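Presented below is the structure to which this report refers.
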Amino acid sequence: MKNHKKQIERVDRAVTAYQRWQQAESIRHTIPTRIEGKIVDGVFKANRIEDTLVHMYRMQVFCGLVYVTLESYMNLGEKDTAVEQTAPDEFRKRLKGLRNVMFHDGRGQMFEKRWVKFYEDGRENIERVHQLHQALGTFLDHQYIHEAAKAAYQAAQDGVDPTLIEDMLDARIGQQAIDAKRKASD
C-alpha cells in the first residue's frame, strides 16, 4: 500500500506539471501571429497599437506560464534531453525573471528592463520559449501517460480501486479531444 501511495504522489506531480503546460498552451493559441503594419525608417509600426499590446501582454503571460511549467518539470526530478538543451541555466534564469515580473506585484510590467531586454534580443528568445514549451509538452505527455499507467497497474495489483487514476486519464483524453477540435478549426 505504501508503494501505491508513492505512485499516486508521482502521478499527482506529473498531472500538476501537465496542467501547467495546458494552461500555457491555452494562452499560446491566443497570441496573434500577425500584426498588421509597415516598416518606417527601419522600424516596424503597427497599424493599431492595441494589436501590439495584445501580443505583448499575451506573450508575457505565456512566458510566465512556460516557466511555471518548467518549475513543475524540475519538481518531477526527471531529465529530458530536449528540455535540458532548450533551457540552459542562463535561459532558465531569464524566464524566471520574466515570470516574477508577470505574476508578482511591482512596477510597470510592460517596460520593465527584463522584458525590454527579452524583446531587444530578438526573435530568438520568442522562438526558444516556444521550443521549450513544445519540448515540455512532449515530455510531460509521455510522462503523464507513463506514470498514470504504472499507478493504475500498481493499484490493480494492490487490490485498490484505481478510479482516481482513471479520472486522470479521462482528463488527458478530454484534452486530446479539445486539441483535435482546435486543429480541425485552424
Side-chain angles (χ1 to χ4, degrees), residues 6-33 54-106 109-110 112 114-115 117-119 121-151 164-165 167-183 186:
K6 281 185 171 182
Q7 288 295 92
I8 294 294
E9 288 169 1
R10 285 179 55 87
V11 170
D12 187 51
R13 284 193 303 273
V15 168
T16 297
Y18 195 78
Q19 286 172 334
R20 301 295 177 251
W21 183 87
Q22 288 175 327
Q23 291 164 347
E25 179 71 358
S26 70
I27 294 298
R28 185 184 70 80
H29 283 286
T30 69
I31 298 172
T33 56
V54 165
H55 180 273
M56 288 177 67
Y57 293 150
R58 289 180 181 169
M59 191 66 198
Q60 290 172 345
V61 171
F62 177 67
C63 287
L65 289 171
V66 169
Y67 184 77
V68 171
T69 305
L70 183 62
E71 278 184 317
S72 292
Y73 157 82
M74 292 184 293
N75 288 336
L76 291 173
E78 304 283 339
K79 296 286 185 193
D80 178 72
T81 304
V83 172
E84 299 300 319
Q85 288 176 347
T86 308
D89 288 342
E90 188 58 38
F91 191 73
R92 287 178 192 213
K93 287 177 190 172
R94 177 173 279 183
L95 266 184
K96 183 177 183 179
L98 297 179
R99 183 276 321 259
N100 290 346
V101 170
M102 187 65 228
F103 295 118
H104 296 288
D105 192 27
Q109 297 172 345
M110 185 167 60
E112 203 276 342
R114 289 172 279 195
W115 280 112
K117 177 78 172 137
F118 180 81
Y119 282 109
D121 287 350
R123 185 105 187 116
E124 178 183 317
N125 282 332
I126 293 170
E127 288 173 3
R128 181 170 279 197
V129 170
H130 284 281
Q131 290 168 354
L132 175 57
H133 175 68
Q134 182 64 41
L136 285 164
T138 300
F139 172 77
L140 292 171
D141 191 44
H142 173 265
Q143 185 71 12
Y144 180 90
I145 298 300
H146 177 74
E147 290 298 329
K150 273 178 38 180
L164 173 64
I165 308 303
D167 289 345
M168 291 176 181
L169 286 170
D170 287 346
R172 174 63 189 121
I173 291 165
Q175 182 60 40
Q176 286 174 335
I178 291 168
D179 292 344
K181 184 176 180 181
R182 185 176 289 135
K183 281 183 181 181
D186 286 345

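In what follows, every heavy atom counts, from backbone to side chain, and hydrogens, waters and symmetry copies are set aside. Quantities reported herein were computed from a predicted structural model and do not represent experimental measurements.
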Closer than 3.5 angstrom, by distance alone: can the side chain of Arg13 be matched with the main-chain N or O of Leu76 as a donor-acceptor pair?
no
When rounded to the nearest 0.5 angstrom, what is the spacing between OG1 in Thr30 and CE in Met59?
11.0 Å
Testing the basics here: between Ser72 and Arg20, what is the closest heavy-atom pair and its distance to 0.1 Å?
OG-CG, 3.5 Å
Distance from Leu65 atom CG to Leu95 atom CG, nearest 0.5 Å?
11.0 Å
Measuring from Glu78:CD to Leu140:CG, what's the distance to the nearest 0.5 Å?
10.5 Å
Given Leu136, which partner from the list Asp80, Asp141, Thr69 fulfils the side-chain contact (heavy atoms from CB on, under 4.5 Å) test?
Thr69
With rounding to the nearest 0.5 Å, note down the distance linking CD1 in Ile27 to CD in Gln23.
9.0 Å
Taking every non-hydrogen atom, the tightest pair across Ala87 and Leu132:
CB-CD1, 3.8 Å
Give the C-alpha distance, both sets of side-chain angles, the deciding distance and a yes or no for side-chain contact (heavy atoms from CB on, under 4.5 Å) between Phe91 and Thr86.
CA-CA 8 Å; Phe91 191 73; Thr86 308; 6.0 Å; no
Looking only at non-hydrogen atoms, find the nearest pair between Arg28 and Phe62 and report the distance.
CB-CE1, 3.5 Å
How many angstroms lie between CD in Gln131 and CD in Glu124, if you round to the nearest 0.5 Å?
9.0 Å
Is Arg99 reaching over with its side chain to a backbone N or O of Tyr67, donor-acceptor style, under 3.5 angstrom?
no
Is there a side-chain contact between Val83 and Leu70, using heavy atoms and a 4.5 Å cut-off?
yes
Say whether Glu25 and His29, considering side chains only, have a donor N or O and an acceptor N or O under 3.5 Å apart.
yes
To the nearest 0.5 angstrom, please state how far the CD1 atom of Ile126 sits from the NE2 atom of His130.
7.0 Å
Classify the ring geometry of His133 against Trp21: parallel below 30°, tilted from 30° to 60°, perpendicular beyond 60°.
parallel
Quick check: do Arg94 and Cys63 have side-chain heavy atoms less than 4.5 Å from each other?
no
